[in-house]
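Data first, discussion second: the structure below is written as structure tokens.
Keep in mind the model is a prediction, meaning the values are calculated, not measured. The analysis underlying the following values was restricted to heavy atoms, covering all of them including side chains, and did not include hydrogens, waters or symmetry mates.
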Amino acid sequence: MMMSNAIDIRIPDWLIELVSKSDHHYATSKARMMFAISLAQHNIDHGTGGPFGAAIFDIKTHQLIAVGVNLVVSSHCSIAHAEMIAISMAQQQLGSFDLANLSQQPGRGFELVTSCEPCAMCFGAIPWSGIKHLVCGARDEDARGIGFDEGPKMDAWRHALEQRGITVETDICRQSAIDVLQYYATHGGAIYNAGESR
């Protein structure tokens with residue numbers, strides 16, 4: 001067995017170019033969500049992954065910190081969900097495995113904006129990442145509706161995060177996020193892990 005000394009999950013060139021040209025300050029939750037949804041749409045259009053996009057912003061300034069898109073199929077890696085990529089990119093960029101350690105000032109922190117509610121894996125990663133606020137577009141049921149298996153996430157997931165001091169907003173631009181999911185399904189996008197119980 002040959003063992004590599006690196007995990008190779010490549011960020012698509014189009015994503016790097018898009019971020020370099022984007023406005024890095026998004027004043028409203030809706031604007032931040034529409035940016036995350038646009039990442040999901042671009043990911044489909046470029047054929048680089050599934051219909052999910054995420055971004056991390058500074059809560060106080062609304063400055064864009066990091067982005068992520070679903071790269072599961074293209075990277076041959078089941079954990080390469082948009083939220084996981086965005087969290088990893090933010091932590092690498094900011095030099096900390098715990099984003100909460102960087103936000104000790106009152107009113108400071110980091111927000112994860114994701115085009116769909118987190119699956120079981122991404123839900124588990126959020127408290128450990130140091131994220132202080134979560135904003136979701138489409139619902140879990142919307143992703144399941146096109147065939148994705150979102151895993152065994154607890155019914156009271158939102159309350160569980162709030163008990164840990166992580167505030168949650170849902171249904172932000174939900175229909176726009178659903179439209180991207182439906183577009184992916186009707187254009188033959190790969191529904192990986194469909195129907196599997198995990």
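Panel note: side chain Thr114, backbone Glu117; no donor-acceptor pair is recorded below 3.5 Å. Using a distance-only test at 3.5 Å, with no hydrogens or angles considered, no donor-acceptor pair links the side chain of Ser115 to the main chain of Ala36. Within the 3.5 Å criterion, the main-chain N or O of Asn70 finds a donor-acceptor partner in the side chain of Asn43.
Annotation: salt bridge (charged side-chain N to carboxylate O under 4.0 Å, His left out) contacts of Glu150 (sequence neighbours excluded): none. When the salt bridge (charged side-chain N to carboxylate O under 4.0 Å, His left out) test is applied to Arg158, the partners found at least two apart in sequence or on another chain are Glu162.
With no hydrogens or angles considered, no side-chain donor-acceptor pair links Asn101 and Ser96 at under 3.5 Å.
In this pair, Trp157 and Phe123 present their aromatic rings perpendicular. The plane angle is above 60°, beyond the 30 to 60° band.
Within 6.0 Å of the CE atom in Met121, the count of heavy atoms belonging to other residues, nucleotides or ligands exceeds 12. Within 6.0 Å of CD1 on Ile79 lie no more than 12 heavy atoms contributed by other residues, nucleotides or ligands. No more than 12 heavy atoms of other residues, nucleotides or ligands lie within 6.0 Å of CD in Gln92, so this atom counts as exposed by the packing criterion. Within a 6.0 Å sphere centred on CG of Asp23, heavy atoms belonging to other residues, nucleotides or ligands number more than 12.
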> Given the rule in the side chain to side chain contact (heavy atoms under 4.5 Å, CB included) test, do Asp142 and Arg144 qualify, once you have shown the distances and angles that lead to the verdict?
Replying inline: CA-CA 5 Å; Asp142 302 324; Arg144 290 181 193 274; over 6 Å; no

> What's the verdict on side chain to side chain contact (heavy atoms under 4.5 Å, CB included) for Val135 and His133, showing C-alpha distance, side-chain angles and the deciding distance?
Replying inline: CA-CA 7 Å; Val135 183; His133 185 63; 3.4 Å; yes

> Passes side chain to side chain contact (heavy atoms under 4.5 Å, CB included), Ser22 versus Leu64? Steps please.
Replying inline: CA-CA 9 Å; Ser22 73; Leu64 178 65; 4.1 Å; yes

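In this structure, Tyr184 has its ring center no closer than 6.0 Å to that of Phe52.
Salt bridge status for Glu169 with Arg174: absent, with no side-chain N to carboxylate O gap under 4.0 Å.
Legend: ring-ring contact (aromatic ring centres under 6.0 Å, His included) pairs involving residues 12-40, not counting sequence neighbours, sorted by first then second residue: Trp14-His42, Trp14-His46, Tyr26-Phe35, Tyr26-Phe57.
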